[in-house]
Amino acid sequence: MPELPEVETIVRGLKPKLEGNRILEVEVYNENTIKNPESVKEFKERITGKKIIEVKRRGKYILFILEDFAHVIIHLRMTGQLIYSEKQLSFSHLRLEAKLSKGFLYFNDIRKFGTISLLAKEDLAKEKGFWTLGVEPLGESFGFEYLKSKLVSSKPIKNLLLDQRVIAGLGNIYVDESLFFAGISPFKPAKTLSPEEISKLVSSIKFVLTKGIENKGTSFSDFVDSYGGKGTNQNFLQVYGRGGEQCRICGKVLAKGKIAGRTTVFCLHCQK
DNA sequence: CGATAGACCTGTTTGC
DNA sequence: TGCAAACAGGTCTATC
């Protein structure tokens, strides 16, 4: 479900509701959702009673910083949903719920891949995927020089863009979309991109993500924002999910392939 | 080093 | 119609 624009949409929705709010009670319905600490009992003890000071996003992770500076690190993986409500609600795949001093927070997750960790600030390196994240693609440090410095291997460019240690937050949808806007084949070996292509790719990534956020995310099937509402970016996709359909630019049939185990859709005519 | 398959799960779509 | 296989926004591990 969620890539950077979807996670950003959730965080923007939760921020005004959770900051300053206090966690009164936590119920865990799926023990495997809690990744750290190992004991769910300890997780509950350490989180109960704490005030949430700040809510933010890093890559595809959602962070709650608590008053004791401990971090709640949430990853939604494929089907996780984080929903805030003033009133009590019920869900068919509820994995965790928290009663707050004002309202309720629900973690609903069909496939149970999502994870929640509670780590003291000095233990953040225990969350490996989080600790090793690369740059934020919408930040100033992501630009021509940075991307160029990372394009040293002959792996397909799509592999590099999906690597969270290189760029934090891109996933299958926005990588395919970015490569389409940049006119670059997803199979092109990373180190063979010309300076013009690198430059076009940087601006395409920023464009596609910015549009995704403006449209409040891509609700292909399960994504909902922090109030349970759907995004609209699925109506603007050029290639993702459109294999076999016509390219909106040249009219030719869009090709479908596999890269890094992921379905990849691209235009043989528009992407070289 | 890299590419690929399998694992983790459940639900929906596709193909025979 | 019915049922099994394939597939889905992600990432981690094992294996060759």
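Below, read A as the first sequence line, B as the second, and so on, with proteins coming before strands; counting in each chain starts at 1.
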Is [X] touching bases, backbone alone, or none of the nucleic acid, heavy atoms closer than 4.0 Å?
X         : answer
Ser219(A) : base
Tyr240(A) : sugar-phosphate
Asp109(A) : nothing

Would the Phe187(A) and Phe266(A) ring centres measure less than 6.0 Å apart?
yes
Whether Phe220(A) stacks on the six-membered ring of dA8(C) base, 5.5 Å and 30° limits
no
Taking everything shown except [X] itself, do over 12 heavy atoms lie less than 6.0 Å from its [atom1]?
X         : atom1 : result
Lys148(A) : NZ    : no
Lys51(A)  : NZ    : no
Lys44(A)  : NZ    : yes
Lys56(A)  : NZ    : no
Glu38(A)  : CD    : no

Checking contacts here: which listed nucleotide (dG2(B), dG10(C), dC9(B)) is nearest the side-chain heavy atoms of Ser153(A)?
dG2(B)
Please determine, for the side chain of Pro156(A), which listed nucleotide (dA8(C), dG10(C), dA3(B)) has the closest atom?
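Selected nucleotide: dA3(B).
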Heavy atoms only: give me the nearest Leu254(A)-Val265(A) pair and the separation to one decimal.
CB-CG1, 3.9 Å
State, to 0.1 Å, how close Pro137(A) and Leu4(A) come at their nearest heavy-atom pair, and which atoms those are.
CG-CD1, 3.7 Å
Separation of [X] atom [atom1] from [N] atom [atom2], in whole Å?
X         : N       : atom1 : atom2 : value
Asp176(A) : dA8(C)  : CG    : C1'   : 14 Å
His93(A)  : dC9(B)  : NE2   : P     : 15 Å
Ile259(A) : dA3(B)  : CD1   : P     : 11 Å
Asn159(A) : dG10(C) : CG    : C1'   : 15 Å
Met78(A)  : dC7(C)  : CE    : C1'   : 9 Å
Phe91(A)  : dG11(B) : CZ    : C1'   : 18 Å
Asn32(A)  : dC9(B)  : CG    : P     : 6 Å
Lys112(A) : dA7(B)  : NZ    : C1'   : 15 Å

Nearest-Å distance once atom [atom1] is located in both [N] and [M]:
N      : M      : atom1 : value
dT4(B) : dC7(C) : P     : 15 Å
dG6(B) : dA6(C) : C1'   : 16 Å
dA8(C) : dA5(B) : P     : 14 Å
dA7(B) : dA5(C) : P     : 15 Å

Can you label the angle between the Tyr106(A) ring and the Phe91(A) ring as parallel, tilted or perpendicular, going by 30° and 60°?
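Tilted.
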Would you say the side-chain atoms of Thr264(A) and Lys158(A) include a donor-acceptor pair closer than 3.5 Å?
yes
Could you write out DNA chain B as dot-bracket? Rules: Watson-Crick or G-U wobble, both distances under 3.5 Å, brackets [ ] for crossings, | for pairs with another strand, dot for unpaired.
.|||||||.|||||||
Could you run through nucleotides 11-16 of chain C and give me one letter per nucleotide, 5' to 3': B if any protein heavy atom sits under 4.0 Å from the base, S if only the sugar-phosphate is that close, - if neither?
SS----
